[in-house]
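One structure is given below, encoded as structure tokens.
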Amino acid sequence: MPYSGFHQLNGTHGWMRGKHLLLTGASSGIGRELAVQSMGVCDRLTLVSRNRDGRLCDLVTELEDIGKSGADFNGHANTRVQARAFDIRDRQALALLLDQIYRDEKDQVDAFVNCAGGTHVFGLLESMTSHDIDEIVDVNAKAPMYWLKELLPRMKYNRIKDGDLKRAHVLMLSSRSGERALPNLSVYAAAKGCVEKLVEAVRAEYASFRIAFTLVNPGSVNTSFTDNWPVGLRDAHNVESMSVAQATGPIIEALDSQFALNKISYQSVQQWLGEPGVLVRASTVE
């Protein structure tokens, strides 16, 4: 079954059972896969995405169908699904969402996973416009700061269940590009490197509140990330990429554990054998 990841990993005893998971970038790629895998495990899913081409609505319909399918969830929760369509850079919208959850509904976000990100440009720094740079930095570096600035002051007062060692879990999806920057992805790599330092700092600031922070650096993943790239380069990237399901496995393990996995860095065998990969080999200096 496509929605059996958490069940296969920890049966009925994983940390995520009965929790509220808030996902950004939920309508595609790793975010979408994680939402599907969370059905029947989490008590509540809150999905945030821009709803491009109706993809967020399509996902909600699919999740509702899973919930109605009578699938055997081994006694797990009947997951409630809520979708919010807005750009993750919209600080007013994110604050209103969190106020609704914490103040109006007297609920809490147990796990926050930031999957939103990417770059619309593959090219030399000198070829980028100011708009290109601002867009990439705003989405990949600044937006995560704004989310954590609003979320953490609320999350540190979360109710903690008997037997739980974590009060909450924040998982930030970054990239192997933040560890070893690649040509033609300079601004994207710099923005992702910013996320790593952000996570390192807040981990120390909120350790006393039992909030776990995990930085996730996947290598190439076959998603819509490369949709706007040149066709040949996009195809070469996808050949050496992990599938979305493969990339989601370590994330599920980190979330469902009772201990803190501080950092996960991984890539496909094909990319590992050819490190640093097709993006360097395809790059030329004239």
Side-chain angles (χ1 to χ4, degrees), residues 10 14-16 19-25 30-31 34 42 46 48 88-89 91 94-95 97-99 101-103 107-118 136-181 187-219 247-267:
N10 283 323
W15 183 82
M16 285 295 291
K19 297 298 197 295
H20 180 186
L21 170 62
L22 172 57
L23 272 169
T24 68
I30 291 174
L34 186 57
C42 295
T46 298
V48 175
I88 62 162
R89 295 169 290 183
R91 284 176 276 173
L94 75 88
L97 173 62
L98 295 177
D99 277 345
I101 293 169
Y102 277 88
R103 183 190 63 201
D107 200 354
Q108 64 187 40
V109 176
D110 299 296
F112 172 69
V113 180
N114 181 56
C115 292
I136 295 167
V137 173
D138 285 351
V139 169
N140 294 283
K142 290 173 68 176
M145 293 181 186
Y146 292 130
W147 276 89
L148 294 191
K149 180 181 182 299
E150 292 290 341
L151 180 61
L152 292 176
R154 297 168 168 88
M155 189 176 264
K156 68 183 183 182
Y157 296 113
N158 279 5
R159 299 173 298 279
I160 187 168
K161 293 182 178 179
D162 290 342
D164 279 351
L165 301 180
K166 299 184 293 190
R167 181 180 305 277
H169 198 135
V170 172
L171 189 145
M172 304 296 285
L173 213 67
S174 184
S175 171
R176 282 275 289 135
S177 297
E179 296 178 315
R180 49 98 175 92
V187 178
Y188 175 72
K192 289 302 188 184
C194 176
V195 174
E196 178 154 7
K197 295 309 171 186
L198 172 66
V199 171
E200 287 179 4
V202 294
R203 180 184 296 122
E205 291 175 0
Y206 289 89
S208 62
F209 295 99
R210 290 180 175 263
I211 301 176
F213 292 86
T214 302
L215 180 77
V216 180
N217 290 335
T248 306
I251 295 172
I252 290 174
E253 182 175 1
L255 288 171
D256 218 24
S257 297
Q258 280 281 12
F259 55 88
L261 285 170
N262 295 329
K263 181 177 178 180
I264 307 170
S265 177
Y266 57 108
Q267 61 195 117

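In this chain, numbering begins with 1 at the start of the sequence shown. What's counted below: heavy atoms across the whole structure, side chains too, no hydrogens, waters or symmetry copies. The model shown is predicted, which means the values in this text are computed figures rather than measured ones.
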Quick one, [X] and [Y] - any side-chain contact, counting heavy atoms below 4.5 Å?
X: Leu23; Y: Cys115; result: yes
X: Val139; Y: Tyr188; result: no
X: Leu152; Y: Phe112; result: no
X: Asn114; Y: Leu173; result: no
X: Leu94; Y: Ile88; result: no
X: Ser257; Y: His169; result: no
X: Val170; Y: Val202; result: no
X: Leu215; Y: Asn262; result: no

Partner residues of [X] under the side chain to side chain donor-acceptor pair (under 3.5 Å) criterion, sequence neighbours left out:
X: Tyr206; value: none
X: Thr46; value: His20, Gln82
X: Asn217; value: Ser174, Glu179

Does [X] have any side chain to side chain contact (heavy atoms under 4.5 Å, CB included) partners at least two apart in sequence or in another chain, and if so, which?
X: Glu200; value: Glu196, Lys197, Arg203
X: Ala190; value: none
X: Tyr157; value: none
X: Lys142; value: Val137, Asp138, Tyr146

With sequence neighbours left out, write down each residue that passes salt bridge (Lys or Arg N to Asp or Glu O under 4.0 Å) with [X], or none if nothing qualifies.
X: Lys161; result: none
X: Lys19; result: Asp164
X: Arg210; result: none
X: Arg89; result: Asp87, Glu135

Tyr102 backbone acceptor or donor facing Asp107 side chain under 3.5 Å: no
Any donor-acceptor pair under 3.5 Å from Tyr266 side chain to Ala247 backbone: yes
Qualifying salt bridge (Lys or Arg N to Asp or Glu O under 4.0 Å) pairs with a residue from residues 144-153, counting only residues at least two apart or across chains: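 Output for this query lists Glu150-Arg154.
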Candidate pair Leu97 and Leu22, rule side-chain contact (heavy atoms from CB on, under 4.5 Å), full reasoning: CA-CA 10 Å; Leu97 173 62; Leu22 172 57; 4.2 Å; yes
